[in-house]
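Read the structure below first, then the notes.
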Amino acid sequence: MNKRDFLKQSILFIPAAGLMQTLARVAAGEDMATAAATSGDYDASQHWYGMGIDVDKCIGCNRCVEACKTENNVPQEPFFFRTWIERYSIHADGEVTVECVSTQPPRGEETPQVDPDVVRSFFVPKLCNQCANPPCVQVCPVGATFQTKDGVVLVDEKRCIGCRYCIQACPYGARYLNPETKTADKCTFCYHRVTEGLQPACVEVCPTQARIFGDFKSEASRLVRFERVNEISVLKPDMNTAPKVRYAKLDGEVR
Amino acid sequence: MKIPEQITRLGMLLAGVLAAVLLLRFVILPADMFSAAPHQAAKAVREMAKPVHYAGMPACRECHADIYDTKSAGGHRYMGCENCHGAAAAHASDPATGNPPLPSEREFCYACHAFDPSRPNGFPQIEPTEHRAGKKCIRCHDPHDPVPPSAPSDCSGCHGVIAKTKATSSHATVECAACHEVPEQHFTSPRAALPTKPAGRESCGQCHGSDATDSGAPRVDLASHGDSYQCWQCHYPHAPEMTR
Amino acid sequence: MNIDTNQALFEQLAHQLGQVAGFIYPNEVEIQWAILIVVYPYITGIVAGAFILASLVKVFNVVEVQPIYRLALLTALAFMLIAGMPLNLHLGHPERSYEIFLTPQPTSAMAMFGFVYLWYLMAVLLLEVWFEYRAQFILMAQQTRGFMGKLYRVLSLFSNDVSPQALAFDKKASKLITIIGIPSAFLLHGYVGFIFGSIKANPWWSSVLMPIVFLMSAIVSGIAMVIIVYTIISLVRNEKVDMRCLDKVGLFLLVAIIVDFALEALDYIHRMYQAEESIEILGELISNKLFTSLVILQVLVGMFVPLAILAFARIRHLNDDLRKLMYFVSALLLQVGIFGMRWNVVIGGQLYSKSYRGLMAYKMELTGIESLGMALVLLALPFIILAVLVRLLPTQPMAGQPPAAH
């Protein structure tokens with residue numbers, strides 16, 4: 001960083017400048033006017049969204065991760081993910097090794113060896129669990145991250161101060177600080193898609209239906225059927241976060 | 001008691017500060033600024049208004065019903081079109097903006113179909129260096145209906161981990177069919193007709209029983225060995241020397 | 001601007017990614033709370049500790065400590081004025097920090113920071129300093145001319161009342177404020193501990209003892225800092241150090257270290273005995289990532305050695321100069337130890353994955369906002385402020401003012 005940038009940033013420190021900006025915005029009625037105009041006929045209180053993940057169906061193709069980055073303008077650098085895929089290998093002696101396949105370049109002709117010591121291996125898709133008791137929302141000092149009536153946790157990038165407390169409070173590592181906006185960022189369940197009746201991008205491109213998106217409040221819901229026919233687990237149940245991302249055939253080693 | 005001078009002055013100062021704060025809070029600054037709720041509502045609306053990049057399969061179907069019908073009968077029926085053709089919302093809303101990509105390289109299919117031991121058992125996978133090396137996948141497989149042109153000659157195409165494990169074990173030369181009866185339909189509709197699995201101990205006893213006629217295999221007395229357990233409950237048939 | 005700074009960020013992250021051992025969640029490569037958040041609890045700790053030392057004089061009538069009462073107050077004030085800066089600087093959007101006053105979320109520990117800070121600075125520190133110095137302002141306003149004279153007049157709120165009743169009132173007020181101030185100081189730093197201790201997602205932080213451990217270590221670092229400042233100021237002014245005072249402060253410091261050590265030891269023993277799911281990775285964290293900063297700097301150099309020195313100084317009859325040197329050295333070592341403790345909590349808690357399967361790395365930048373350079377600047381600022389303060393506000397009552405209990 002050069003001196004000019006430093007000065008520029010230093011000036012930003014005067015919160016009064018920010019206050020003035022906000023005042024101008026409020027005076028112009030920007031935020032609130034749009035809220036009234038475009039919410040349309042969507043009634044968030046009629047929905048309670050969730051996702052079902054069938055671990056046995058994930059082939060680790062990473063299409064969901066790519067689609068998510070495209071759909072949501074997630075920075076391409078391998079440090080920022082709204083969703084990612086982990087590979088678990090359970091060894092005969094009980095040792096467990098894990099790697100994130102989403103940070104690795106795609107394999108070419110070379111295929112991985114079969115390790116005779118590995119008794120079981122599988123992929124686990126991860127994303128924000130859209131907890132019903134979200135610890136990230138609990139710690140946000142200014143109310144920039146919040147839960148909508150349909151159960152999705154969002155971050156208001158115009159109000160987030162970038163303190164990163166929510167990133168610390170998330171047990172799942174689902175949040176990152178967006179390097180462009182300098183605010184906390186995370187999976188939104190593709191809120192702009194699902195409120196229009198579309199599938200989240202990751203679900204749309206999943207080739208094996210390892211991901212199911214649905215509405216707990218809907219009578220004809222793939223998600224409710226998923227809950228009916230599978231034994232369901234959630235990640236880190238001891239955290240009492242009540243995740244709405246529900247896993248079928250989840251190995252106990254998965255954290 | 002008389003209030004000392006410094007206290008009245010300090011009191012005036014503090015009252016001034018307090019009045020300024022209260023004035024700011026209740027008169028000068030708009031009430032909206034002191035509630036997060038309206039900002040949150042506005043954010044939800046902004047989030048809903050974000051542009052869509054993936055159009056979704058129903059949008060593709062509107063114009064490409066023929067391909068949709070082909071696809072929905074085949075092995076790729078659960079796949080969204082944009083898995084291969086990329087985000088196509090722009091094309092869907094205005095086809096004049098250009099056509100989505102038609103990936104034809106071999107490497108493209110590797111993402112799902114190159115062998116990987118972590119993939120679920122039965123998922124079709126190939127060994128890129130061995131399976132028709134250098135040829136484009138789409139020359140033999142229609143991506144919208146990827147039935148193999150002929151039934152796979154061996155089982156490793158879908159059961160790679162088992163095949164590779166068995167290949168290094170003492171059962172390397174034992175054919176799959178020696179233990180599993182595979183119905184013909186299994187090669188074209190794998191889940192519609194599953195292969196059999198040996199039911200009792202006699203199957204293993206053909207080679208490993210004390211009265212077996214086969215050559216070098218280790219022998220046990222089926223009547224006394226292993227109690228009431230089935231053989232595979234202790235010995236993994238695809239790698240029997242794995243004793244742990 | 002973003003492109004430039006992000007390039008540096010990505011290079012830092014790529015470097016840190018290369019140092020990862022085992023498995024971490026992909027978003028965990030970035031160390032979210034870095035050196036500035038180490039500086040923040042270190043500074044607030046000194047504020048709380050120095051204030052509690054000062055309150056010994058007012059509330060508990062420990063007359064031996066009287067000579068450094070004012071110095072302790074000014075030290076607390078100097079550090080308090082800077083305490084908010086590292087927090088503000090590390091924000092992604094410092095210009096929005098005022099939101100914490102507008103829409104504070106009652107469920108957020110951090111939301112209370114602004115209010116606790118303001119309360120402590122305005123209602124406790126500034127008022128107490130003002131009542132302590134009020135009579136002196138009036139005297140100095142009479143004795144000095146020009147700008148300084150005017151400044152003192154403003155500071156005394158243009159009052160001239162130095163009647164015995166008014167002075168008696170000052171004393172009472174200052175005692176009352178101290179009585180309010182002690183729980184406030186506890187709140188200020190206990191709350192900083194709560195920010196970490198309440199994060200259930202992070203077992204290295206999540207502990208009910210965290211607020212009280214932070215508080216005791218705050219008292220240690222604050223007392224030690226006042227010893228350092230007192231010794232240096234006496235040296236610079238060529239004044240004689242009051243050994244009766246220093247011995248007493250040394251005793252308090254010794255007791256504080258013992259309590260602090262007992263609490264921290266209890267925390268570790270409790271963790272090891274319970275041996276929960278995270279115990280293995282925390283063990284690896286200590287042996288691989290924190291060995292130098294925790295075992296050597298925090299515990300050995302920063303706690304055991306000063307503990308031994310202070311105990312030795314009490315047991316044996318040593319001459320004044322030697323004791324002074326021993327107090328000074330142990331106070332310096334304690335600063336290293338407490339800063340190490342802040343580092344080990346803040347950075348340590350972010351060097352292992354919440355998957356409990358891997359360790360991250362932190363590469364500290366030398367320049368920029370979140371950097372070693374900035375941390376050093378922030379650590380130097382309180383001393384500069386303090387240097388100005390002790391010039392403006394004499395650390396000993398002036399002639400003409402009724403001497404306090406001595």
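None of these values were measured; they are calculated from a predicted model.
Comparing Asn27(C), Val29(C), Ile195(C), Thr107(C) by how many heavy-atom pairs each has under 4.5 Å with chain A, the most go to Asn27(C). Most heavy-atom pairs under 4.5 Å with chain C: of the set Cys160(A), Ala184(A), Pro78(A), Ala144(A), this distinction falls to Cys160(A). When the candidates Arg255(A), Gln138(A), Met239(A) are compared by the number of heavy-atom contacts under 4.5 Å with chain C, Arg255(A) comes out ahead. Chain C forms the most heavy-atom pairs under 4.5 Å with one residue out of Pro75(A), Ser102(A), Pro135(A), Cys100(A), and that residue is Cys100(A).
Residue Glu157(A) touches chain C through its backbone alone, counting heavy-atom pairs closer than 4.5 Å. Both the backbone and the side chain of Val96(A) come within less than 4.5 Å of a heavy atom of chain C. Only the backbone of Ala174(A) comes within contact range of chain C, with at least one heavy atom under 4.5 Å from a heavy atom of that chain. For a residue to count as touching a neighbouring chain, one of its non-hydrogen atoms must lie under 4.5 Å from one of that chain's; by this rule Glu99(A) touches chain C with the backbone only. Heavy-atom distances place both the backbone and the side chain of Cys163(A) under 4.5 Å from chain C. With a 4.5 Å cut-off on non-hydrogen atoms, Leu13(C) touches chain A through its backbone and its side chain both. Proximity to chain A involves both the backbone and the side chain of Tyr356(C), based on heavy atoms less than 4.5 angstrom apart. Residue contact with chain A, scored on non-hydrogen atoms closer than 4.5 Å, involves the backbone and the side chain of Leu91(C) alike. At a 4.5 Å heavy-atom cutoff, the contact between Tyr88(A) and chain C is made by side-chain atoms alone. Contact annotation for Gln16(C): neither backbone nor side-chain heavy atoms come within less than 4.5 Å of a heavy atom of chain A. The contact between Ser198(C) and chain A is made entirely by side chain atoms (from C-beta outward), counting heavy-atom distances below 4.5 Å.
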Report task. Could you give me the CA-CA distance, side-chain angles and deciding distance for Glu277(C) and Lys236(A), then say whether salt bridge (Lys or Arg N to Asp or Glu O under 4.0 Å) is met? Result -> CA-CA 11 Å; Glu277(C) 197 181 9; Lys236(A) 298 191 178 181; over 6 Å; no
Query - Glu77(A)/Leu9(C) under side-chain contact (heavy atoms from CB on, under 4.5 Å): CA gap, chis, key distance, verdict - result: CA-CA 11 Å; Glu77(A) 286 77 16; Leu9(C) 171 70; over 6 Å; no
Query raised in the report: Step by step, would you call Glu30(C) with Arg164(A) a salt bridge (Lys or Arg N to Asp or Glu O under 4.0 Å)?
Result: CA-CA 11 Å; Glu30(C) 185 169 5; Arg164(A) 312 164 190 227; 3.5 Å; yes
Report task. Apply side chain to side chain donor-acceptor pair (under 3.5 Å) to the pair Arg357(C) and Thr97(A), showing each step before the final yes or no. Result -> CA-CA 8 Å; Arg357(C) 294 191 190 280; Thr97(A) 50; over 6 Å; no
Query raised in the report: Is there a side-chain contact (heavy atoms from CB on, under 4.5 Å) between Gln32(C) and Leu177(A) once you walk through the steps?
Result: CA-CA 8 Å; Gln32(C) 302 293 346; Leu177(A) 194 90; 3.9 Å; yes
Report task. List the steps, then state whether side-chain contact (heavy atoms from CB on, under 4.5 Å) holds for Gln168(A) with Trp205(C). Result -> CA-CA 10 Å; Gln168(A) 306 288 7; Trp205(C) 290 346; 3.6 Å; yes
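Smallest separation of non-hydrogen atoms from Cys140(A) and Ser108(C): O-CB, 3.3 Å. In plain terms, the two heavy atoms of Val142(A) and Gln105(C) that are nearest each other are C-CG, 3.7 Å. The shortest non-hydrogen separation linking Ala169(A) to Ala201(C) is O-CB, 3.3 Å. Taking each heavy atom of Pro141(A) and Ala111(C) in turn, the nearest pair found is O-CB, 3.4 Å.
Contact of the Ile167(A) side chain with the Glu28(C) side chain is not registered, since no non-hydrogen atoms from C-beta on lie closer than 4.5 Å. Contact check for Pro26(C) versus Tyr176(A): no side-chain heavy atoms found under the 4.5 Å cut-off. Here the side chains of Tyr165(A) and Ile199(C) are in contact, with some heavy-atom distance below 4.5 Å.
Partner Ile161(A) forms a side chain to side chain contact (heavy atoms under 4.5 Å, CB included) with one of Arg96(C), Met110(C), Glu95(C) and no other, that one being Arg96(C).
Atoms OH and CD, from Tyr25(C) and Glu86(A) in turn, are 6.0 Å apart once rounded to the nearest 0.5 Å.
In this structure, Lys149(A) places its NZ atom where only 12 or fewer heavy-atom neighbours from other residues, nucleotides or ligands lie under 6.0 Å away. Crowding of Glu95(A) atom CD: a count of heavy atoms from other residues, nucleotides or ligands under 6.0 Å exceeding 12. Within 6.0 Å of CD on Glu280(C) lie no more than 12 heavy atoms contributed by other residues, nucleotides or ligands. Remark: Phe194(C) CZ is loosely packed, at most 12 non-hydrogen atoms of other residues, nucleotides or ligands lying under 6.0 Å away.
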